K.L.:
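Below: one structure in C-alpha cells.
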Amino acid sequence: MWNAIISGHFRNGDWNDVVDVFKHMLEVGEPFDQITLVSVVTACGRIGDAKLGEWIGRYAEENGMMGNRNLVTALVDMYAKCGELAKARRLFDGLQLKDVVAWSAMISGYTQADQCQEALALFSRMQATKLEPNDVTMVSVLSACAVLGALETGKWVHSYVRRKHLPLTVVLGTALVDFYAKCGCIDSAVEVFKSMPVKNSWTWTALIKGMASNGRGREALELFSSMREAKCEPTDVTFIGVLLACSHSGLVEEGRWHFNSMTQDYGIQPTMAVWWIFWGGLV
DNA sequence: GTAGGGTTAG
C-alpha cells in the first residue's frame with residue numbers, strides 16, 4: 001500500500017512528496033522493500049537530495065541488494081544527477097548485464113553534467129556491444145551533439161531513427177529540432193517539426209529559439225503566433241526566444257510589447273536571462 | 001492496483 005502511494009506521487013512528478021512519505025515510513029518503522037527504494041532514490045536524483053540518496057546507496061550495498069538491476073540503474077541516475085559522475089560510473093561499470101535503460105541513464109548523466117564528449121564516447125561503446133539504442137537513448141545523444149555542434153553524428157542519429165522506425169515522440173522530435181537549429185540547419189529543423197505528429201511547448205520553443213538565433217526574427221515571431229493559434233501555452237523560455245528574436249532583428253517596439261504581454265497576459269515574471277536580453281537590446 | 005533512462009535558457 002505504501003508503494004502504491006509513493007507510485008502515485010512519483011507519476012505525478014511530486015518528488016518531494018515521494019521523499020516525505022519515505023521519511024515518514026522510516027520514522028514510524030514501516031517496512032519497505034526494493035521497489036520502494038527504486039522510486040525514492042530516483043526522486044532523490046530529481047530534487048538533488050544527495051544525502052538521502054547516498055544513505056539508500058549504502059543501505060542497498062550493506063543489504064545485498066546490488067544484484068537488482070532496476071535499483072542499481074536508479075542509483076546510477078541519482079548519483080549522476082547529484083553531480084557524482086565517478087560514483088555513477090563505478091556502479092554502471094559493475095553492472096554485469098547492462099540493458100538499454102542502464103546505458104541511457106549513464107549517457108544522459110554525462111549530457112546533463114555538461115560532459116558531452118564523455119556521453120558520445122559512451123554511446124560509441126554501447127554501439128560496440130550491439131545493444132540497440134532506443135528513442136530515449138537518442139534524446140541524450142542528440143542533446144550532446146547539439147552542444148558540441150557534432151553535425152555528422154547527429155545526422156547519423158536522425159537516419160538511424162528513420163531506418164529503425166524509432167517512434168518520433170514529442171521529446172525525441174524536440175531534441176532533433178533543437179539539434180538541427182543549434183547546428184544552423186534551420187530547414188532541417190523545420191522539416192522535422194512539420195513531420196512531428198504531436199508537438200508541445202518545448203517543441204515550439206526549440207524552433208522559435210532556433211529561428212531567433214539564426215537571424216530569422218520575423219519568422220520566429222510568426223511561429224509564436226502560430227503557437228498561440230495552436231493553443232500551446234508559452235513558457236518563460238518561449239519568451240526568451242521571442243525577445244531574442246526581437247532583439248536580434250531590431251524589432252524594439254514589438255519586443256517591449258511582448259515583454260509587457262509576458263507579465264500581464266501570461267503572468268510570467270522576467271527571469272535573469274530575460275532581463276539580459278531586455279537591457280541588451282530592447283531599451 | 002508497486003520498480004530504473006529523455007527535450008528548451010543572450
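Chain letters run A, B, ... following the sequence lines, proteins first, then strands; residues in each count from 1. On a predicted model such as this, the values are computed, not experimentally measured, just so you know.
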K.L.:
Check whether any side-chain N or O of A/S201 sits under 3.5 Å from a backbone N or O of A/E233 as a donor-acceptor pair, and report yes or no.
P.N.:
yes
K.L.:
From CD1 of A/I5 over to P of B/dT2, roughly how many Å is that when rounded to an integer?
P.N.:
13 Å
K.L.:
Using whole Å, report how far CE of A/M211 lies from P of B/dT8.
P.N.:
19 Å
K.L.:
Indicate, with a heavy-atom threshold strictly under 4.0 Å, whether A/K199 touches base, sugar-phosphate, or nothing.
P.N.:
nothing
K.L.:
Counting only heavy atoms and a strict 4.0 angstrom limit, can you tell me which residues of residues 68-82 of chain A come near DNA chain B?
P.N.:
A/N68, A/R69, A/N70, A/T73, A/D77, A/K81
K.L.:
So, for A/F193 and A/W204, is the gap between ring centers shorter than 6.0 Å?
P.N.:
yes
K.L.:
So, do A/F179 and A/H158 have ring centers that fall under 6.0 Å from each other?
P.N.:
no
K.L.:
Can you tell which of B/dT2, B/dT8, B/dG6 lies closest to the side chain of A/S143?
P.N.:
B/dT8
K.L.:
What is the nucleic acid contact for A/V177, judged by heavy atoms within less than 4.0 Å: base, sugar-phosphate only, or nothing?
P.N.:
nothing
K.L.:
Below 4.0 angstrom, which residues in residues 258-265 of chain A have at least one non-hydrogen atom near DNA chain B?
P.N.:
none
K.L.:
Quick one: which of B/dA3, B/dG4, B/dA9 gets closest to the side chain of A/R11?
P.N.:
B/dA3
K.L.:
Would you mind reporting whether A/V141 and A/Y160 have side-chain heavy atoms less than 4.5 Å apart?
P.N.:
no
K.L.:
Closest to the A/Q112 side chain: B/dA9, B/dT7, B/dT2?
P.N.:
B/dT7
K.L.:
Report the nucleotide, chosen from B/dT7, B/dG10, B/dG4, that has the shortest atom-to-atom distance to any side-chain atom of A/I240.
P.N.:
B/dG10
K.L.:
Using whole Å, what does the distance between atom P of nucleotide B/dA3 and atom CZ of A/F32 come to?
P.N.:
18 Å
K.L.:
To the nearest Å, give me how far apart NE2 (A/H9) and P (B/dG1) are.
P.N.:
20 Å
K.L.:
Take the protein atom CG of A/N3 and the nucleotide atom P of B/dG4, then report the distance between them rounded to whole Å.
P.N.:
11 Å
K.L.:
From the list B/dG6, B/dA9, B/dG4, which nucleotide is the closest neighbour of the side chain of A/A273?
P.N.:
B/dA9
K.L.:
In sequence, state the C-alpha distance, the side-chain angles, and the governing distance for A/L142 and A/L172, and then conclude on side-chain contact (heavy atoms from CB on, under 4.5 Å).
P.N.:
CA-CA 9 Å; A/L142 284 166; A/L172 178 57; 3.8 Å; yes
K.L.:
Give the nucleotide from the list B/dG6, B/dA9, B/dG4 with an atom nearest to the side chain of A/V136.
P.N.:
B/dG6
K.L.:
Please tell me which of the listed nucleotides, B/dT2, B/dG6, B/dG4, lies nearest to the side chain of A/L172?
P.N.:
B/dG6
K.L.:
When you check the gap from the basic side-chain N to the acidic O, do A/K164 and A/D135 get nearer than 4.0 Å?
P.N.:
no
K.L.:
Rounded to whole Å, please give me the gap between CG in A/L176 and P in B/dT7.
P.N.:
13 Å
K.L.:
Over all strands shown, is A/S108 touching base, sugar-phosphate only, or nothing at heavy-atom distances under 4.0 angstrom?
P.N.:
sugar-phosphate
K.L.:
Between A/S213 and B/dG10, is there a contact of a side-chain N or O with OP1 or OP2 at under 4.0 Å?
P.N.:
no
K.L.:
If I take atom CG in residue A/N200 and atom C1' in nucleotide B/dG6, what distance separates them, rounded to the nearest angstrom?
P.N.:
12 Å
K.L.:
Could you walk me through whether A/T203 and A/N200 pass side chain to side chain donor-acceptor pair (under 3.5 Å), step by step?
P.N.:
CA-CA 5 Å; A/T203 320; A/N200 66 13; 3.0 Å; yes
K.L.:
Is any side-chain N or O of A/S140 under 3.5 Å from a base N or O of B/dG5, one able to act as donor and the other as acceptor?
P.N.:
no
K.L.:
Of A/M66, A/E84, A/M106, which meets side-chain contact (heavy atoms from CB on, under 4.5 Å) against A/L91?
P.N.:
A/M66
K.L.:
Are A/F123 and A/W103 close enough that their ring centers fall under 6.0 Å?
P.N.:
no
K.L.:
Is it true that the side chains of A/T73 and A/N70 contain a donor and an acceptor less than 3.5 Å apart?
P.N.:
no
K.L.:
By nearest atom, which of the nucleotides B/dG4, B/dA9, B/dT2 is closest to the A/I35 side chain?
P.N.:
B/dT2
K.L.:
What I want to check is whether the side chains of A/T235 and A/T238 have a donor and an acceptor closer together than 3.5 Å.
P.N.:
yes
K.L.:
Using a 4.0 Å heavy-atom cut-off, does A/T271 contact any base of the nucleic acid, only the sugar-phosphate backbone, or nothing at all?
P.N.:
nothing
K.L.:
Take atom CG of A/L95 and atom C1' of B/dG5, then tell me their distance rounded to the nearest Å.
P.N.:
13 Å
